[in-house]
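Reviewing the structure listed below.
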Amino acid sequence: MTNALSDEDVPLSQRKSLAANKGVVDTGKKRKSATVKSETHDDDHVPLKKKRATAAAVAPTKAKSKSKEIKKEEKPAKSTASVKPSPSPSKASGKSTKMNGGSKPTSEPEYDSDDKPLAKRKMKKIDSKTDAEETSTQEKEEEEEEFYKWWEAESNDNSVKWTTLVHNGVLFPPPYEPLPSHVKLKYNGVPVALPPDAEEVAGFFGAMLETEHAKNKVFQSNFFSDFKDVLKQCGGSHLKIEKFEHCDFTDIFNYYEEKRIQKKAMTAAEKKKIKEEKDKLEEKYKVCYLDGRKELVGNFRIEPPGLFRGRGSHPKTGKLKERVMPEQVTINIGLNTPIPQPPDGHEWAEVKHDNTVSWLATWKENINGAQKYVFLAANSSLKGMSDFKKFEKARELKNHITGIRNDYTKELKDELMANRQRATAMYLIDVLALRAGGEKGEDEADTVGCCSLRYEHVAFKPPNTVVFDFLGKDSIRYYQEVKIDQQVYKNLKLFKKAPKKFGDQLFDRLDPPTLNRHLQNYMPGLTAKVFRTYNASKTMQDQLDKIENKGTVNEKYVAYNAANRTVAILCNHQRTVSKAHEQSVGKIEDKILEIKLQRYRLKLMMGQVDPEMKKSDPEYFQPDTELDDSTIERLIDQIVQREKDKVTKKFQKENEKRAAENGELLPESELTTRMKVVEELEAEYKKERKTGKAEIRNGMTVEKLQAQIEKLTERIVNTTLQLKDKEDNSTVALTTSKINYIDPRLTVMFAKKYNVPIEKLFSKTLREKFKWAIESADANWRF
DNA sequence: CCAAGGACTTAGTACATCGTGC
DNA sequence: GCACGATGTACTAAGTCCTTGG
C-alpha cells in the first residue's frame, strides 16, 4: 500500500501548498488555528512532545521509570530450556526418554490407579503437607480439582502460565485411504491412474466439486497448480495432465458422496460403536494436567491436509494445505515430565519447556507460513483468566473514557496532521466500533480496518453523513451511512483530498502501533480492541437496563436477544443467509395467509349464524387485505394439494409396513375412498368461493366461533412476530458478541435479576466457559 | 528502530445433534 | 415416530498486539 502523503513521497513545497488547500476545507472556522500543517520530521517532533506532555497532565500516567520497573518485574525468568530431539533424553528426569522408535514405558505420562499423573503427586508433596494431612484433605481436593476457582485465588502473575504441565501430545489425522480402483480422475474422458499422493489431492477437489469454492477460478487454478506439482513430485502419470478444463472429477465426487450417504444411513447402534471407538482413540489427548489440575485441551488434533479455504477473494485460496508430519511439530511440556511419544518411526521437531506460553504444541502451516497452536479449551483456567482480565480491562476503561473522549474531540482540530488523524481514528474506533486495521500483504485478501481505510472506502453526503463501505475481517462487508460529528466529517474529507486518489490510505500518518502507544498513556494495556469490548459490554448493560422486569420467561428471553442483537449490529457481526432462508420465510408467510383465510371463513360462518352482527360491523367481516381472489385460489389449491399428498404418503407408508410384515396390501380402492374426503373438502371450498356462503356444521354457535377466531388471531400475531424475528436475525450473528464481547457477568446478572434460567441464555459449553462469571456475579452486578 | 515472527483472540462456516410439530 | 428446522459444536482462518532480533 502506498503512503501517499508520507514525508518521503511529497516534496516540502508541495506539502505547503497542500496545507493551504486543506485550510480551505475548514469553512467558517478561524483559518489560522484550523490550518493543518503538513510537518517535516522536525516540525513533527516539537509539538508532538508538547502535546504529549499536556495530555499526560490531564490524564496522568505513571512515571516512566516506574512503569518500566514494573514491566521488568513482570517479565518472567524465562526458563525456556529447549531440548533437541536427538538421542539426548530429558536430562533432568534422569530417565532415558527416547524420542523415536522404541516404546519405553516412560515415554508417555503414566497414571497410577487413582488416575493422577505423577507430576501431580509430586506437586502435592511439594505443597508441604504431611501425609496425614494429605489424606484428610484428599477428598476435598478431589472435588476441588474439578472446580478450581481461580477467580478467587489471589496470584495474578501474567507471565508464568504454569509450573507443571503434563499432556499426551497431539493426534494426527489418519493416513490417506486410496480410492477403490474403479474410481478415477478422468482426463479427456480417459481414467487416469494417479500415484496415491496425487490422487489424494485430486480427491480433495473432487469431494468439493459441488461447493462454491470449486467454481471459483482462483481456487481452481491454485488447486490445479499445486496438484500438478504433487503429481510431478511423485512420478507423474501415464497421461500428461495439463489443463484443468480437461479433468473430470465427477466419479471421485460421486464416490465420496456415496460414502457420505452410507455413513448417514448407518443404524444408531453402528454410529454409536464408531463414536465409541473414536472417543477411545481421542481420550488421552483430550485432557492435560496444568499445575496438577485436570484441564481440557482444545484442538488436540493436527489439522488434516486439504485445500485452503481462504475467505473472500484470497489470492491463495485452493492451494494445497500439506499434511503435517511429527517432524514439523514442536511440543511444549513441563520439565521432568514424560514426553509424549511421537508416532512410530517419527520424531518431534523439538521439545520445549517454556512456561511463559500456554500452547502444548505448535507447527508452521505451509500456506502463509503462520504458526498453528494447540491450546487449552475455552473452559480452562488459563483461558478463563485471560477472559476475565480482558473484561476487567474493558471495565477499567470506564474510568478514563470521559477524558479520552474530551481529548480526542479537542484533537480533532489539532494542527498536526498526525494528531488529527489519530483523534479521528479514535472517534471511529470508539463510536463505530471499528477494528484497529493493521497493514496487510499482497498475498492476503484485501480487507481493512480503521487505520487502513482507503480513499475508496468513504463517501460523503452533506451536511455530515459519511458512507462507509469496505470489507472488514473475514471479508465481511461494513456498510453504514452514518451521521457523524461535524469535525470528523470535515477531517475525513480532508484526509481524502487531492492529491490522494483511489487506493491511497486515509490515515497516512497513523498505524495501529502508533495509536496503541498513544492509548497506553491513558491506561496501561489500553489498545484499540479494548474499545470494542468496552462499547459492546456498555451497550449491553444499557440495553438490559431498559428491559422491564415483567412478563413470561420467554418474553424476557426475547428482550435479552434484542439487546444482544444491538451489540451484534454495533460490532457488525454477520452471517450469510442460509439458502433455505428465503424459502422458509415464504413458507411462514404462506402459513400466516392460510390462518388468515381460515379466520375469514370462520367469520363468514359467524355472519351467517348471526346476520345482525354482520350488519352492525361489516368491516370486521371483510377478508384481510392480502386475501385477494387469486391469493385465495392459490392458498386453497395449496391446502388441497397438501392434504392429497398427505393421504397418498400415509397410504404408501402403511403399505410398506404391511409388505414388511408380510401382510396384505391395501387395495387402490382404499386410497380412492380416502381421497374422496379431500375431494369433498375441495368441493366445499369451491362452493364456498362461488356462493360466498360457508357451510354451517351443526352445533356451531357464535360463542364457539368467536373463541376459534380469537385463537387464530393469536396465532397470526405470534407467527408474524416470529417471522419478523427471523428476518431481523437472518443476517445478524448473535453468538460472536455473546462469546467474545459481552461481559458474561451481565448475562448472569440478567438471569438472576429477571429470574430467567441461565440455561436459556448460555449453552452448556458457554456455561462451562463462563463458570467464573456465573459464580461471581449477582443480580446487582454492573459492568 | 522496525520488520518479521510469535502468541493469542476473534470470526464465520460446515456439520452434528437436538428438539419439536405434524 | 419421523422429518425438518433450530441450536450447538468443531474447525480453522483472520484478526490484534506484543516480542524479538537484526
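Chain naming here is simple, since letters A, B, ... match the order of the sequence lines and numbering starts at 1 in each.
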Rounded interatomic separation in angstrom, taking NZ from A/K393 and C1' from C/dT16: 15 Å
Phosphate OP1/OP2 of C/dG15 contacted by A/K529 side-chain N/O (<4.0 Å): no
Whole-Å distance separating the CG atom of A/D474 from the P atom of C/dT16: 11 Å
Under 3.5 Å donor-acceptor, A/N516 side chain and A/A528 backbone: yes
Centroid separation A/H213 to A/F219 less than 6.0 Å: yes
Full working for salt bridge (charged side-chain N to carboxylate O under 4.0 Å, His left out) between A/R309 and A/E212: CA-CA 11 Å; A/R309 293 147 119 101; A/E212 286 303 305; over 6 Å; no
Between P of B/dA11 and CD of A/Q574, the distance in whole Å: 12 Å
For atom NZ of A/K275 and atom C1' of C/dA10, their distance in whole Å: 13 Å
Listed nucleotide nearest any side-chain atom of A/T576, set C/dG15, C/dC17, B/dT13: B/dT13
Phosphate-side-chain proximity, A/H314 and C/dA13, N/O vs OP1/OP2 below 4.0 Å: no
Sub-4.0 Å heavy-atom contacts from residues 361-383 of chain A onto DNA chain B, ordered by number: A/Q371, A/Y373, A/F375, A/K383
Member of A/K440, A/R311, A/R454 meeting the salt bridge (Lys or Arg N to Asp or Glu O under 4.0 Å) criterion with A/D446: A/R454
side-chain N/O A/S475 vs C/dA14 OP1/OP2, d < 4.0 Å: no
Close approaches to DNA chain C from residues 299-313 of chain A, in residue order (heavy atom, under 4.0 Å): A/R301, A/E303, A/P304, A/F308, A/R309, A/G310, A/R311
Sugar-phosphate only, base, or nothing, as touched by A/I739 at under 4.0 Å among non-hydrogen atoms: nothing
N or O in side chain of A/K440 less than 4.0 angstrom from C/dG15 OP1/OP2: yes
NZ or CZ of A/K760 within 45° of A/Y557 ring axis and under 6.0 Å: yes
Options C/dT9, C/dA13, C/dT16, nucleotide nearest the side-chain atoms of A/K321: C/dA13
Nearest-Å distance for atom pair CZ/P, residues A/R575 and B/dA14: 13 Å
A/T539 side-chain N/O to A/N535 backbone N/O, donor-acceptor pair under 3.5 Å: yes
DNA chain B: 5'-proximal contact among A/T736 and A/K263 (nearest heavy atom): A/T736
N/O (side chain, A/N740) to phosphate O (OP1/OP2, B/dT9) under 4.0 Å: no
Short side-chain N/O contact from A/S386 to OP1 or OP2 of B/dT9, under 4.0 Å: yes
A/E594 side chain to A/Q638 side chain, donor-acceptor N/O pair below 3.5 angstrom: yes
Protein-nucleotide distance (A/Y256, atom OH; B/dC15, atom C1'), rounded to Å: 18 Å
N/O (side chain, A/R532) to phosphate O (OP1/OP2, B/dA11) under 4.0 Å: yes
Interatomic distance, A/C450 atom SG to A/F531 atom CZ [nearest 0.5 angstrom]: 11.0 Å
Heavy-atom neighbours of A/K215 NZ exceed 12 at 6.0 Å: yes
First of A/T533 and A/R260 reached from the 5' end of DNA chain B, by closest nucleotide: A/T533
Phosphate-side-chain proximity, A/S763 and C/dT9, N/O vs OP1/OP2 below 4.0 Å: yes
Whether A/H353 side chain and A/I333 backbone form a donor-acceptor pair below 3.5 Å: yes
Length of the NE2-P vector between A/H213 and C/dA13, whole Å: 10 Å
Options C/dC18, B/dC8, B/dT10, nucleotide nearest the side-chain atoms of A/Q520: C/dC18
Sugar-phosphate only, base, or nothing, as touched by A/A528 at under 4.0 Å among non-hydrogen atoms: sugar-phosphate
Length of the line joining A/K390:NZ and B/dT10:C1', which is rounded to integer Å: 8 Å
Sugar-phosphate, base or nothing in reach of A/G449, heavy atoms under 4.0 Å: nothing
Electrostatic pair A/K383-A/D387, nearest N-O below 4.0 angstrom: no
